[in-house]
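Presented below is the structure to which this report refers.
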Number of protein chains: 2
Amino acid sequence: MAANSQFAMAVHILTFLAKKGDQNLKSDMIAQSVNTNPVVIRRILGQLAQADLVASQTGASGGTRLALPPEKICLVEVYKAVSCGEVFALPIRQANQDCPVGRNIESVLCNLQKAIDRSVAEKLGEFSLANVLEMVDLEDTVAP
Amino acid sequence: MAANSQFAMAVHILTFLAKKGDQNLKSDMIAQSVNTNPVVIRRILGQLAQADLVASQTGASGGTRLALPPEKICLVEVYKAVSCGEVFALPIRQANQDCPVGRNIESVLCNLQKAIDRSVAEKLGEFSLANVLEMVDLEDTVAP
DNA sequence: GTGTATTGTAACTATACTTGTTACAGTTAT
DNA sequence: ATAACTGTAACAAGTATAGTTACAATACAC
């Protein structure tokens, strides 16, 4: 399938919201920065709103803003908000339960999966949205 | 898409090979343990062979065996052998280059992606195939 | 040498997920 | 009232995976 880029888009969206500060931004404006359709943006904003990372307002002069200051928004939360969150998948079909390997490999793989997911979460935990904003601004000053 | 389970299948396959020791195993037998088609197994074995983790022989009484002892096979190598290897994808469409955020977010996300991938690789580096085999055997002894 | 078993690989199908798009009901400022 | 938004459903298009069939190439066994 097309690879899932929702986390990347979510970070882009949040960075954009952080940069523009305390105003209701329209999905249309955000879509222009991300270069996609406003509905795609609103879908991701919906997930971020459920995680209480952003707040939206309907109606005229509505829009979306951050629900927390950028320092308080951690990339783990963003990742959890948009992703199903497994680095590798387990096979759909059940392995052969009459085989000593097939019978037991699944739980071992499942534990391994959890260990990997934890280490991804830990690494993402090191970054806040404020950090991302800093990095973006830095890129802009040193750009070619 | 169907989520990519090649890494999980690869670990299963290698564990099976390790368990059966120094003999040429047919893709047919392995397929029975994994509960899939032999061609699916051969496709994965092909990738593992390219990474020099297994060795195959064509012809009658051919098959596949480990190219290294289980202690020397690390799960990072397996992951690299079968996976394209990114935890999250970057958007396909290029962001708006006229926007300060769109112009710079891509390289920031790309660096973040690399950091995450490194931490996954580090965690996988902690496990060898021998470890997996131990865990599978342990599961079998304490099974309900 | 002939026959048989097995890998390697191409080609195709079915399925499923993601993105993009249109459409529209519901909501709120002015 | 009107206009400008969000939220969301529905659908199309693109693409990746897994499964399957088929077959050429290869190597052992006799």
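A, B, ... follow the sequence lines: proteins, then strands. Residue 1 opens every chain.
Atom P of nucleotide D:dT17 and atom CG of A:L90 are separated by 16 Å, given to the nearest angstrom. As rounded to whole Å, 13 Å separates atom P of C:dT19 from atom CZ of B:F88. The separation between A:L25 atom CG and D:dA4 atom C1' is 15 Å, rounded to whole Å. In this structure, CE of B:M29 is placed 13 Å from P of C:dA5, rounded to the nearest angstrom. Computed from coordinates, the A:N4 CG to D:dT17 P distance equals 14 Å when rounded to whole Å. Put simply, CD on B:Q94 is 14 Å from P on C:dG20, counting in whole angstrom units. Note: NZ (B:K26) to P (D:dA27) measures 14 Å, nearest angstrom. Residue A:F7 contributes atom CZ, which lies 19 Å from atom C1' of C:dT19 at whole-angstrom precision.
Note on B:M9: only backbone sugar-phosphate atoms sit closer than 4.0 angstrom, heavy atoms only; bases stay farther off. Backbone-only contact: A:S27 has heavy atoms under 4.0 Å from sugar-phosphate atoms and none from a base.
Contact record, B:P91 with A:A8: CD-CB, 3.7 Å, taken as the closest heavy-atom pair.
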Under 3.5 Å, which donor-acceptor pairs link side chains of residues 42-57 of chain B to any protein atom two or more places apart or in another chain?
| unit_1 | atom_1 | unit_2 | atom_2 | d |
| --- | --- | --- | --- | --- |
| B:R42 | NH1 | B:S27 | OG | 3.0 |
| B:S56 | OG | B:T64 | OG1 | 2.8 |
| B:Q57 | OE1 | B:N24 | ND2 | 2.9 |

Side-chain polar contacts of residues 118-136 of chain A - donor-acceptor pairs under 3.5 angstrom, sequence neighbours left out - could you list them?
| unit_1 | atom_1 | unit_2 | atom_2 | d |
| --- | --- | --- | --- | --- |
| A:S119 | OG | A:I116 | O | 3.2 |
| A:K123 | NZ | A:E126 | OE1 | 3.4 |
| A:S128 | OG | A:A130 | N | 3.2 |
| A:S128 | OG | A:N131 | N | 3.2 |
| A:S128 | OG | A:N131 | OD1 | 3.3 |
| A:N131 | OD1 | A:S128 | N | 2.8 |

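Taking the ring pair (Phe, Tyr, Trp, His ring centres under 6.0 Å) definition, one finds that A:F88 meets it with B:F7, sequence neighbours left out. Scored by the side chain to side chain contact (heavy atoms under 4.5 Å, CB included) test, B:K80 finds B:V76 as partners (sequence neighbours excluded). With sequence neighbours left out, B:K114 forms a salt bridge (charged side-chain N to carboxylate O under 4.0 Å, His left out) with no residue at all.
Considering only side-chain N and O atoms, A:S5 lies nowhere under 4.0 angstrom from the phosphate OP1 or OP2 of C:dT18.
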Protein proximity profile, nucleotides 25-30 of chain C - base contact B, sugar-phosphate-only contact S, no contact -, cut-off 4.0 Å on heavy atoms: --BBS-
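Side chains of B:I92 and A:S5 form no contact here, defined as non-hydrogen atoms less than 4.5 Å apart.
Pairs of residues two or more places apart, or lying in two chains, that qualify as salt bridge (charged side-chain N to carboxylate O under 4.0 Å, His left out) and include a residue from residues 100-112 of chain B are A:D140-B:R103. Residue pairs meeting the side-chain hydrogen bond (donor to acceptor under 3.5 Å, both in side chains) criterion with at least one member in residues 28-39 of chain A, sequence neighbours excluded, are A:H12-A:S33.
Toward the 5' end of DNA chain C, the nearer of the two residues B:R93 and B:S56, judged by each one's closest nucleotide, is B:S56.
Residues of residues 34-48 of chain B having a heavy atom closer than 4.0 Å to DNA chain C, listed by number: B:V39, B:R42, B:R43.
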